[in-house]
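A quick note: this is a predicted structure, and the numbers were derived from the prediction, not measured. The first residue of the sequence shown is numbered 1, and numbering continues consecutively from there.
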Amino acid sequence: MKIYENFSLKDYNTFGVDVAARYFAAVSSTDELIGVLESVRQKGNLDIKPLFLGGGSNILFTKDYEGLVIHLNLKGISEEAVSENEVLVTAAAGENWHSFVLFCLEQGYGGLENLSLIPGNVGTSPMQNIGAYGVEIKDVCEKCTVLNLETLKTETFDSAECKFGYRDSIFKNEGKGKYVILDVTFRLTMKNHVIRIEYGAIKSELERQNITDPTIRDVSDAVLSIRQSKLPDPKVLGNAGSFFKNPTISKSAFEALQKKFPEIAGYAAGEWVKVPAGWLIEQCGWKGKQIGNVASHHLQALVIVNKTGQAGGAEIFKFSQKIIDSVEDKFGITLEREVNII
């Protein structure tokens, strides 16, 4: 397995930031992955832990990476019916997420339709506990197969062991740098699908299409229409999707903001209230605003774009900090970046 030196990562991150990895390797199997890690250990010339890249859709490089970057190109999908209504579908980490969702829809499997068109690969979906329109990975994830980077042995994490939270999991916390996800198994439905259309945008889109009894395919099509109408294609305009998490605040804090900003939106989240980050950013005047090479997208303020294609990671990071500062000044809410910063 060839390990390249001073390798450009411009084509391996959706922001299109031109940085270099000191070492780079692409692997297509677990054996190749282990071989690369063993080779590096034998050389003993890398102090920085390996960085694993899938689709590069949730990462911002602010500088060159002085260690080893491994592109996970593991492929394969398998299915196992476990009852008349449920099926376990396992996808390798390198499978494109949206292509995998479409595969499941073609088989008539329900559970992932609300997550259509989310950028990235399957392997990063549990790490971020990706979610959209009322559904998160934690709702459908059965287990993950991982490689322990210390022992180079495979292990299995069930859903509880993944410790899912809002855009969070064990792989972003105590497991960070200790494991790499090899495949993910999802528990999906074959017959009695749960149709989730609670979010107003989906309801409105279905009504626009005169659909009163939606199928899982209808829900996916509605999500596709919504996302394509307001989210830029990373292949055309460099971005990482939603740059910030939707903040959660206490009910009392939300009620206080309501008095000052009656139009503020909020969604109950247990004892907390989730406030749309996009709305907060837009109220601060950032929607469509450009500084240098970077802008907030003109249709969705939550998305930061490499407007000219020439932006560096540090410039994008600085732009995001200006947004954070302005939201905090106006609303007293500190936004948290969803994108991983390197």
Side-chain angles (χ1 to χ4, degrees), residues 2-27 33 36-37 39-41 43-73 119-121 123-124 127-128 149 167-168 171-173 175-181 232 234-245 286 289-297 302-326 334-342:
K2 184 172 178 58
I3 299 179
Y4 299 89
E5 293 191 42
N6 300 317
F7 188 89
S8 173
L9 298 174
K10 184 171 183 174
D11 294 333
Y12 291 85
N13 70 97
T14 57
F15 264 117
V17 173
D18 193 6
V19 294
R22 181 70 180 87
Y23 299 98
F24 176 90
V27 299
L33 172 58
V36 168
L37 294 172
S39 175
V40 170
R41 284 186 180 182
K43 290 180 180 179
N45 60 351
L46 283 178
D47 295 327
I48 300 177
K49 290 184 178 180
L51 174 66
F52 298 94
L53 278 184
S57 62
N58 200 51
I59 195 166
L60 174 63
F61 288 100
T62 60
K63 57 186 178 181
D64 291 342
Y65 192 74
E66 296 300 328
L68 169 67
V69 171
I70 298 178
H71 176 53
L72 294 173
N73 197 33
N121 289 355
T124 53
M127 184 181 302
Q128 293 290 126
L149 296 177
R167 302 299 178 267
D168 202 13
F171 306 111
K172 289 185 68 177
N173 295 293
K176 186 176 182 179
K178 296 180 181 179
Y179 308 99
V180 58
I181 296 171
K235 295 177 182 178
V236 178
L237 193 61
N239 72 91
S242 299
F243 198 92
F244 302 99
K245 297 180 181 180
W286 284 99
K289 185 174 182 178
Q290 180 174 347
I291 300 177
N293 296 300
V294 189
S296 173
H297 194 251
L302 191 57
V303 178
I304 294 176
V305 297
N306 185 348
K307 185 72 173 180
T308 66
Q310 302 300 314
E315 185 179 4
I316 295 171
F317 183 85
K318 184 178 180 180
F319 186 92
S320 72
Q321 188 59 53
K322 289 180 180 294
I323 291 176
I324 291 172
D325 292 343
S326 64
T334 303
L335 294 181
E336 184 180 351
R337 297 177 180 89
E338 183 175 330
V339 173
N340 295 304
I341 309 298
I342 302 295

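- Counting heavy atoms from C-beta outward, Phe317 and Ile341 have side chains that approach closer than 4.5 Å.
- A distance of 8.5 Å separates OH in Tyr179 from CZ in Phe171, rounded to the nearest 0.5 Å.
- Under the salt bridge (charged side-chain N to carboxylate O under 4.0 Å, His left out) criterion, Lys245 pairs with Glu336, not counting sequence neighbours.
- Counted by atom type alone, Gln128 and Asn58 present one or more donor-acceptor pairs between their side chains at under 3.5 Å.
- At least one donor-acceptor pair closer than 3.5 Å links the side chain of Asp64 to the backbone N or O of Ala20.
- Considering only heavy atoms from C-beta on, Ile323 comes within 4.5 Å of Ile304 through its side chain.
- Residues Leu149 and Gly177 approach most closely at CD1-O, 3.5 Å, considering heavy atoms.
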Quick one: do Leu302 and Phe244 satisfy side chain to side chain contact (heavy atoms under 4.5 Å, CB included)? Show the steps, please. CA-CA 7 Å; Leu302 191 57; Phe244 302 99; 3.9 Å; yes
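- Residues satisfying the salt bridge (charged side-chain N to carboxylate O under 4.0 Å, His left out) test with Glu315, not counting sequence neighbours, are none.
- Evaluation of the side chain to side chain donor-acceptor pair (under 3.5 Å) rule for Lys307 yields no partner, not counting sequence neighbours.
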Before giving the answer on side chain to side chain contact (heavy atoms under 4.5 Å, CB included), spell out for Val294 and Asn306 the whole-Å C-alpha distance, their side-chain angles and the decisive distance to 0.1 Å. CA-CA 5 Å; Val294 189; Asn306 185 348; 5.9 Å; no
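- Applying the ring pair (Phe, Tyr, Trp, His ring centres under 6.0 Å) criterion to Phe15, with sequence neighbours excluded, gives no partner residue.
- Across all non-hydrogen atoms, the minimal contact from Ala25 to Leu68 is N-CD1, 4.3 Å.
- Side chain of Asp168 to backbone of Lys172: no donor-acceptor contact under 3.5 angstrom is found.
- Residues meeting the side chain to side chain donor-acceptor pair (under 3.5 Å) test with Asn6, sequence neighbours left out: none.
- For the side-chain contact (heavy atoms from CB on, under 4.5 Å) test, residues two or more places apart in sequence or in another chain that qualify with Thr14 are Ser57, Pro234, Ala240.
- With sequence neighbours left out, Ile342 forms a side-chain contact (heavy atoms from CB on, under 4.5 Å) with Leu51, Ile59, Phe61, Tyr65.
- Here Phe243 contributes atom CZ and Leu335 contributes atom CG; the two are 11.0 Å apart, rounded to the nearest 0.5 Å.
- Residues Thr308 and Gly292 approach most closely at CG2-O, 4.4 Å, considering heavy atoms.
- Residues passing the ring pair (Phe, Tyr, Trp, His ring centres under 6.0 Å) test with Phe24, sequence neighbours excluded: Phe7, Tyr12.
- When every heavy atom of Ile181 is checked against every heavy atom of Met127, the shortest pair comes out as CD1-N, 4.2 Å.
- Annotation: side chain of Val27 is in contact with side chain of Leu72 (closest heavy-atom distance under 4.5 Å).
- The CD1 atom of Ile316 sits 9.0 Å away from the CG atom of Asn293 when rounded to the nearest 0.5 Å.
- For residues 2-19, the salt bridge (Lys or Arg N to Asp or Glu O under 4.0 Å) pairs, not counting sequence neighbours, are Glu5-Arg22.
- A search for side-chain contact (heavy atoms from CB on, under 4.5 Å) contacts involving Lys322 returns Trp286, Ile291, Lys318, not counting sequence neighbours.
- At a threshold of 4.5 Å between non-hydrogen side-chain atoms, the residues Leu60 and Asn13 do not count as touching.
- Take Arg337 and apply the side chain to side chain donor-acceptor pair (under 3.5 Å) test, not counting sequence neighbours, and it matches Ser320, Gln321.
- In this structure the side chain of Ser39 reaches within 4.5 angstrom of the side chain of Ile3, judged on heavy atoms.
- In terms of heavy-atom proximity, His71 sits nearest to Gly54 at CE1-O, 3.1 Å.
- Residues passing the side chain to side chain donor-acceptor pair (under 3.5 Å) test with Asn239, sequence neighbours excluded: none.
- Minimum interatomic distance between Asn121 and Gly55 (heavy atoms only, all atoms of both residues): ND2-N, 3.4 Å.
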